[in-house]
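Quick notes on the structure that follows.
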Amino acid sequence: MTETPANPPTSWPFREAERVAQRLARTEKTHALFETGYGPSGLPHIGTFMEVARTSWIRLAFTKLTGLPSKLLAFSDDMDGLRKVPGNVPQQDMLHRYIGQPLTKVPDPFATHDSFGAHNNARLRSFLDSFGFDYEFASSTEYYTSGRFNDALRAVAAKHDVIRDIIRPTLGPERRANYSPILPLHPRTGVVMQVAIDEVDVDAGSVTWRDPETGVGYETSIFDGAAKLQWKADWAMRWYALGVDYEMSGKDLIDSVRLSSAIVRAMGAEPPETFTYELFLDDKGQKISKSKGNGLSVEDWLNYAPAESLGQFMFASPQRAKRLFFDVIPRATDDYLTSVETLCAGTGVAEDNPAWFIHGGMVPNASGSPVPFGMLLNLASVVNAETPDMLWGFIRAYRPDATPAASPFLARLVDYAVKYYQDFVKPAKRYRAPSEVERAALEDLAAGLAAMPVAAEAEALQTLLYDVGKRHPFASLRDWFSCLYQVLLGQSEGPRFGGFIALYGVAPTINLIEQALSREMVAAD
RNA sequence: GAGCCUGUAGCUCAGCUGGUAGAGCACGAGACUUUUAAUCUUGGGGUCGAGGGUUCGAUUCCCUCCGGGCUCACCA
């Protein structure tokens with residue numbers, strides 16, 4: 001039974017799912033296959049997360065829309081030849097000896113898996129698993145060697161020249177001369193050969209070619225992993241063989257999508273629905289690249305905010321070139337909180353709400369926070385939060401009902417806020433050196449604090465501050481408090497200081513004063 | 001050369017299927033504070049890049065131009 005809601009969802013995952021639904025209706029399929037692909041060269045990164053998350057949301061929308069079964073296939077191109085040795089792995093010399101061979105033939109430099117490819121596959125899987133994604137892993141090597149691609153490979157061989165002519169115009173003169181969609185593995189060296197194919201025997205399922213270095217001619221089977229396909233043909237063949245219904249990719253692959261689709265059509269099938277997303281930029285508007293190391297890693301993000309906020313960021317405007325750098329984290333987190341709030345309140349169409357997707361189509365019962373993340377970060381900075389406990393002290397003053405038990409999500413945010421403060425705000429602080437008058441007052445304060453009981457009341461501490469300030473020749477008490485913030489906390493403004501000391505501790509505060517005074521001595525030398 | 005994104009308040013950006021512009025930060029004022037801050041209330045500020053077109057009506061759709069940026073053209 002299908003309900004027809006008054007306001008059908010219009011969010012992009014539903015628009016995409018609609019296209020998949022129409023494709024299935026056209027092809028009379030009752031099961032949708034979504035694919036995401038991975039280059040074997042790198043480790044999982046933020047783009048990997050993005051692609052799987054977005055595809056999963058479309059899949060969720062598809063399920064909601066049609067009720068039909070579907071699957072997400074995470075396909076690793078692990079048979080690809082090792083092109084160059086990554087600089088950040090051990091055993092460089094060993095790896096250099098395997099250049100050109102399939103990654104699943106290259107020994108694992110970390111010696112934890114059967115091959116480098118297997119190692120990377122395992123990393124990919126544990127990465128995806130850590131987010132709880134629902135997917136089926138596929139290894140290109142396994143698919144090739146098991147013979148699963150054989151029929152499709154024969155179809156490619158049958159259209160060899162057509163496919164070659166589709167790709168050729170897009171190549172430079174050098175590659176154009178020897179291009180073939182079929183790359184035989186060298187029987188002696190195991191290298192994936194990019195050589196001219198002299199002859200294609202469709203019936204035998206073999207190709208003949210010549211080793212350009214030795215001049216020796218070979219006839220190689222195209223089946224069972226004895227050969228693989230060049231990238232664009234490989235993509236097309238995979239779509240064809242598996243019946244992929246949907247795959248998204250970055251705009252850098254626009255041309256590949258076009259050509260691979262053309263190849264599938266040449267083979268007499270319909271290419272999947274595709275979707276092109278924009279690439280991320282860094283804070284200066286430059287493209288994010290793994291090799292440059294700009295931008296942001298998943299680890300970075302998850303260090304300072306919950307995964308839900310990363311999902312929120314990835315949900316918004318997939319076809320827009322968004323800047324992805326550190327400063328977007330707080331906002332994404334608060335955007336997420338807003339999403340949860342409106343979702344729980346039942347405002348708007350649930351299926352258009354990012355939180356609905358992030359929580360797998362469910363309305364979370366208590367994933368919100370009574371205090372926005374931005375405010376927590378601000379507060380952490382203002383009160384120099386060394387520990388979550390300190391932050392909680394101030395939060396309780398503001399929101400008596402907010403406790404870790406009552407707001408578990410807030411508790412997570414508090415931890416993140418403290419970490420964010422410690423790693424980014426605190427190191428950037430500029431501590432001013434005290435003047436002579438201030439120095440004397442601070443020493444006076446330290447002595448006064450030393451005489452206080454360990455568990456001094458905020459009120460008593462405030463009185464002490466007040467007394468010390470009056471005892472010294474400050475133009476106004478305000479100057480005295482400004483001095484405390486600027487010299488002790490490295491900021492122009494701060495919390496009520498008596499309350500701060502009560503939470504921070506008397507002894508640590510004395511330490512703070514001593515540090516400030518000695519810091520100035522060092523600077524004076 | 002081919003293609004993509006983008007140009008909305010000082011800054012960073014929201015504005016879904018067209019109906020006289022919104023948020024956060026910043027700035028101004030106020031409240032709470034025996035000092036300050038967080039917080040709260042409130043105010044100012046935009047010819048929505050330019051010019052055409054469709055429409056009763058366009059920031060929102062179409063075209064052109066200008067500006068900003070990216071991608072591909074070796075490999076995947």
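From a predicted model like this one, the values you see are computed outputs, not experimental measurements. Because only heavy atoms are used, hydrogens play no part in the values below, and waters and symmetry mates are left out as well, while side chains stay in. Within every chain, numbering begins at 1; the chains are lettered A, B, ... in the order of the sequence lines, protein sequences first and strands thereafter.
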Expected rows: protein N/O vs nucleotides 9-11 of chain B N/O, under 3.5 Å:
none

Are there any protein N/O atoms within less than 3.5 Å of an N/O atom in nucleotides 4-8 of chain B, and if so, which ones and at what distance?
| unit_1 | atom_1 | unit_2 | atom_2 | d |
| --- | --- | --- | --- | --- |
| C4(B) | O2' | E278(A) | OE2 | 2.7 |
| C4(B) | O2 | K251(A) | NZ | 3.0 |
| C5(B) | O4' | E278(A) | OE2 | 2.7 |
| C5(B) | O2' | A321(A) | N | 3.4 |

Between the protein and nucleotides 24-27 of chain B, which nitrogen or oxygen pairs are less than 3.5 angstrom apart?
none

Polar atoms only, N or O, under 3.5 Å: list the protein pairs with nucleotides 30-33 of chain B and their distances.
| unit_1 | atom_1 | unit_2 | atom_2 | d |
| --- | --- | --- | --- | --- |
| U33(B) | O2' | R496(A) | NH2 | 2.2 |

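Taking atom P in both G15(B) and G7(B), one finds a spacing of 10 Å when rounded to whole Å. Across the P atoms, U33(B) and A26(B) are found 24 Å apart, a figure rounded to whole Å. A gap of 7 Å separates the C1' atoms of G22(B) and A14(B), to the nearest Å. Taking atom P in both C16(B) and U59(B), the straight-line distance is 13 Å, to the nearest Å. A23(B) and G57(B) have their P atoms separated by 30 Å, with the value rounded to a whole Å. Using C1' as the reference atom, G68(B) and U8(B) are 15 Å apart when rounded to the nearest Å. A distance of about 13 Å separates the P atoms of C4(B) and C62(B), rounded to the whole Å. Separation of the C1' atoms belonging to A21(B) and C63(B) is 25 Å when rounded to the nearest angstrom.
In this entry the distance linking CG of D77(A) with C1' of A76(B) reads 8 Å, nearest Å. Per the geometry, CZ belonging to F280(A) stands 16 Å off C1' belonging to C13(B), to the nearest Å. Separating the CG atom of L183(A) from the C1' atom of A76(B) is a distance of 11 Å, rounded to the nearest angstrom. Between the CG atom of L337(A) and the C1' atom of A14(B) there is a distance of 17 Å, rounded to whole Å. Protein atom CG of L379(A) is 10 Å distant from nucleotide atom P of A38(B), rounded to whole Å. To the nearest angstrom, P of A38(B) lies 7 Å from CG of N378(A). Atom CD1 of I501(A) is separated from atom C1' of U35(B) by 13 Å (rounded to the nearest Å). The distance between atom OH of Y179(A) and atom P of C74(B), rounded to the nearest whole Å, is 13 Å.
Within 4.0 Å of D234(A), counting heavy atoms only, lies no atom of the nucleic acid at all. Contacts of Q230(A) with the nucleic acid, taken as non-hydrogen atoms under 4.0 Å apart, involve only primed sugar atoms and P, OP1 or OP2. Nucleic acid contact class of L253(A) (heavy atoms, under 4.0 Å, all strands): base.
Residues forming a ring pair (Phe, Tyr, Trp, His ring centres under 6.0 Å) with Y421(A) (at least two apart in sequence, or on another chain): none. Scanning for side-chain contact (heavy atoms from CB on, under 4.5 Å) contacts around E51(A) gives T36(A), M248(A), Y277(A), with sequence neighbours left out. Take A226(A) and apply the side-chain contact (heavy atoms from CB on, under 4.5 Å) test, not counting sequence neighbours, and it matches T220(A), S221(A). For D335(A), the side-chain contact (heavy atoms from CB on, under 4.5 Å) partners two or more places apart in sequence, or in a different chain, are Q312(A), R331(A). The side-chain contact (heavy atoms from CB on, under 4.5 Å) search around S11(A) returns P13(A), F14(A), F315(A), D352(A), F357(A), not counting sequence neighbours. For K228(A), the salt bridge (Lys or Arg N to Asp or Glu O under 4.0 Å) criterion is met by D77(A), not counting sequence neighbours.
Between Y304(A) and F326(A), a ring centre-to-centre spacing shorter than 6.0 Å is recorded.
Here the shortest heavy-atom pairing between L461(A) and G498(A) reads CD1-O, 3.8 Å. Of all the heavy atoms in L376(A) and A417(A), the pair that sits closest is CB-CB, 3.9 Å.
Note on ring orientation: taking the six-membered ring where Trp is involved, the planes of H119(A) and F116(A) are tilted (angle from 30° to 60°). Aromatic ring orientation, Y143(A) versus F75(A): perpendicular (interplanar angle above 60°, classes split at 30° and 60°). Classified by interplanar angle (parallel below 30°, tilted 30° to 60°, perpendicular above 60°), the ring pair Y336(A)/F409(A) is tilted.
One finds no salt bridge joining R15(A) and E18(A) here, because no Lys/Arg side-chain nitrogen approaches an Asp/Glu carboxylate oxygen to under 4.0 Å. With respect to D255(A) and R258(A), a salt bridge is recorded, a charged nitrogen being found less than 4.0 Å from a carboxylate O. With respect to the salt-bridge test (charged N to carboxylate O, under 4.0 angstrom), the residues E278(A) and K251(A) qualify.
Looking at heavy atoms from C-beta onward, P102(A) lies out of side-chain contact with D78(A) at the 4.5 angstrom threshold. You'll find the side chain of N120(A) stays beyond 4.5 Å of the side chain of S76(A), heavy atoms only. No side-chain heavy atom of W480(A) sits less than 4.5 Å from a side-chain heavy atom of E438(A). Contact annotation: the side chain of F497(A) never approaches that of Y466(A) to less than 4.5 Å [non-hydrogen atoms, C-beta and beyond]. Using a 4.5 Å heavy-atom threshold, the side chains of L229(A) and L183(A) count as separate.
Side-chain N/O atoms of Q194(A) include one lying less than 4.0 angstrom from OP1 or OP2 on A76(B).
Cation-pi contact between R238(A) and F149(A): absent, since separation from the ring centre below 6.0 Å together with deviation from the ring axis within 45° is not met.
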Checklist outcome for this item: For nucleotides 58-63 of chain B, 5' to 3', base contacts (B), sugar-phosphate-only contacts (S) and non-contacts (-) with protein non-hydrogen atoms under 4.0 Å give ------

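Residue T10(A) places its side chain closer to C16(B) than to any other of U39(B), A76(B), C16(B). For M375(A), the listed nucleotide lying nearest its side chain is U39(B); candidates were A76(B), U34(B), U39(B).
Taking for each of W231(A) and L279(A) the nucleotide of RNA chain B with the nearest heavy atom, the 5'-most of the two is the partner of L279(A). Take the nearest nucleotide of RNA chain B for T463(A) and for T170(A): the residue whose nucleotide is more 5' is T463(A).
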Next on the checklist: Counting Watson-Crick and G-U wobble pairs with both distances under 3.5 Å, what is the dot-bracket string for RNA chain B, 5' to 3', using [ ] for crossing pairs and | for pairs to another strand?
Outcome noted: (((((((..((((........)))).(((((.......))))).....(((((.......))))))))))))....

